[in-house]
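Order of the sequence lines sets the chain letters (A, B, ...), proteins ahead of strands, with each chain counted from 1.
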Amino acid sequence: MNKLLIIISALLLSSCMLMAPKFPEAPIVLTERCPPLKLIPTDHTEFSELLKITTQNYTTYFECSVKVDAWVEWYNTQKKIYEKGSK
Amino acid sequence: MWELNQAFLFASNAVKNLLLVSGLIAIVVSYLITWIPAVNNYKIAIRLLGVLALVVGVYYQGEIDNEKKWQARLTSGELKAKDTEIASGKQNVKIVTKVVKDVQIVREKGDTVIEYIDREVIKYDPNCPVPKEAITALNAAAQNKVITKKSQPDKPVTTETKPQEGKK
């Protein structure tokens with residue numbers, strides 16, 4: 001009788017894991033690290049070249065900013081979906 | 001594994017139902033055998049066994065009902081979990097599409113600035129030499145590094161005319 005109770009309890013408890021939704025994997029594009037900024041060559045750099053590299057670095061910043069904002073949005077939305085599904 | 005669990009549950013439910021039915025039959029039989037002298041002596045024992053089987057059978061019926069309720073909740077929970085996964089997957093696709101599009105727009109805007117530099121700023125290159133100190137500062141900022149005293153720019157050279165000795 002005890003063994004039967006143990007088996008039934010184990011079966012019932014295993015259902016707890018089955019009922020909880022699985023937390024989703026983050027999209028790969030949101031888990032990529034931000035690239036390092038470009039450096040300006042120290043030998044014979046023209047003013048226009050300096051400006052181009054600075055512009056590229058600013059672009060890198062904005063790309064990273066888009067990804068961070070998307071990550072925040074993804075996390076908040078997934079949290080809401082997960083909490084709704086867990087009720 | 002799931003099929004094995006289901007088979008086990010089916011078999012155990014069948015045994016429990018059989019116990020209940022057997023108990024009922026035994027009680028009825030215990031009253032009927034009153035008119036059969038050969039087995040009349042066993043009617044009390046059969047009745048007792050029948051009552052016992054009935055009680056245990058009713059108890060197990062409650063267990064079966066409880067199990068059914070749990071199964072229903074489990075199925076409902078599984079469906080909810082699946083719905084959550086589907087909603088989550090749709091959200092992922094939406095966000096990835098937005099990121100790819102926004103990054104593309106950022107790059108295109110940056111490219112227009114570089115085109116402008118190549119067109120308008122490049123003509124000032126001969127008149128705008130870039131001091132090494134400016135490059136040092138920008139590179140240090142790009143790497144988030146500290147500029148030490150050694151790498152600070154040299155002080156500007158000032159020329160002073162000293163009065164020549166002997167002359168008034």
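Cluster membership for B/Val29 and B/Val21, using ILVMFWY side-chain heavy atoms within less than 4.5 angstrom, is shared. Cluster membership for A/Leu30 and B/Val100, using ILVMFWY side-chain heavy atoms within less than 4.5 angstrom, is shared. Residues A/Val68 and B/Val96 fall into different hydrophobic clusters, defined by Ile, Leu, Val, Met, Phe, Trp and Tyr side chains chained together at heavy-atom separations under 4.5 Å. Following chains of ILVMFWY side-chain contacts shorter than 4.5 Å, one cannot reach B/Leu19 starting from B/Leu49, and the two form parts of different hydrophobic clusters. Criterion: ILVMFWY side-chain heavy atoms under 4.5 Å apart, direct or through other members. Under it, B/Leu52 and B/Leu48 are not part of a common hydrophobic cluster.
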Practice item. Please step through salt bridge (Lys or Arg N to Asp or Glu O under 4.0 Å) for the pair A/Lys52 and B/Asp118, ending with a clear verdict. Key: CA-CA 9 Å; A/Lys52 277 192 217 175; B/Asp118 281 336; 2.5 Å; yes
Exercise for review: Test B/Asn92 against A/Glu25 for side-chain hydrogen bond (donor to acceptor under 3.5 Å, both in side chains), laying out the working first.
Suggested key: CA-CA 9 Å; B/Asn92 273 6; A/Glu25 293 289 327; over 6 Å; no
Exercise for review: Starting from the C-alpha separation in whole Å, work towards a yes-or-no answer on side-chain contact (heavy atoms from CB on, under 4.5 Å) for B/Gln143 and A/Leu37.
Suggested key: CA-CA 7 Å; B/Gln143 294 173 299; A/Leu37 296 175; over 6 Å; no
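Considering NZ of B/Lys109 and CZ of A/Phe62, their distance stands at 9.0 Å, rounded to 0.5 Å. In this structure, the separation between CG on B/Asn139 and CD1 on A/Ile40 is 5.0 Å, given to the nearest 0.5 Å. For the atom pair OH (B/Tyr116) and CG (A/Leu51), the distance works out to 10.0 Å, reported to the nearest 0.5 Å. The distance from the CZ atom of A/Phe47 to the CD1 atom of B/Ile117 is 9.0 Å, given to the nearest 0.5 Å. Going from atom OG1 of B/Thr84 over to atom CD of A/Glu83 covers 11.5 Å, rounded to the nearest 0.5 Å. We find the CD1-CD distance between B/Ile105 and A/Glu63 to be 12.0 Å, quoted to the nearest 0.5 Å.
Between A/Thr77 and B/Lys94 there is no side-chain heavy-atom pair separated by less than 4.5 Å. For the pair A/Lys84/B/Lys80, no side-chain contact is recorded, criterion being any heavy-atom separation below 4.5 Å from C-beta on. Contact of the A/Glu73 side chain with the B/Ile95 side chain is registered, since non-hydrogen atoms from C-beta on lie closer than 4.5 Å. Counting only heavy atoms from C-beta outward, the side chains of B/Gln91 and A/Ile81 approach each other to under 4.5 Å.
For A/Ile53, no part sits under 4.5 Å from any heavy atom of chain B, backbone or side chain. For A/Thr55, the part lying near chain B is the side chain, with the backbone staying farther off; criterion is any non-hydrogen pair under 4.5 Å. Of the two parts of A/Thr42, the backbone and the side chain both hold a non-hydrogen atom closer than 4.5 Å to a non-hydrogen atom of chain B. Heavy atoms closer than 4.5 Å to chain B are found in both the backbone and the side chain of A/Glu46. Proximity to chain A is absent for every atom of B/Asp83, based on heavy atoms less than 4.5 angstrom apart. For chain A, the nearby parts of B/Ile122 are the backbone and the side chain; heavy atoms of each come within less than 4.5 Å.
In terms of heavy-atom pairs under 4.5 angstrom with chain B, the leader among A/Leu39, A/Val66, A/Thr59 is A/Leu39. For the set A/Ala70, A/Pro36, A/Pro27, the count of heavy-atom pairs under 4.5 angstrom toward chain B peaks at A/Pro27. For the set B/Ala141, B/Cys128, B/Gly110, the count of heavy-atom pairs under 4.5 angstrom toward chain A peaks at B/Cys128.
The 12-atom threshold is exceeded at CZ of B/Arg119, counting heavy atoms of other residues, nucleotides or ligands nearer than 6.0 Å. The environment of B/Asn144 atom CG is sparse: at most 12 non-hydrogen atoms of other residues, nucleotides or ligands sit within 6.0 angstrom.
Using a distance-only test at 3.5 Å, with no hydrogens or angles considered, no donor-acceptor pair links the side chain of A/Asn57 to the main chain of B/Ala142.
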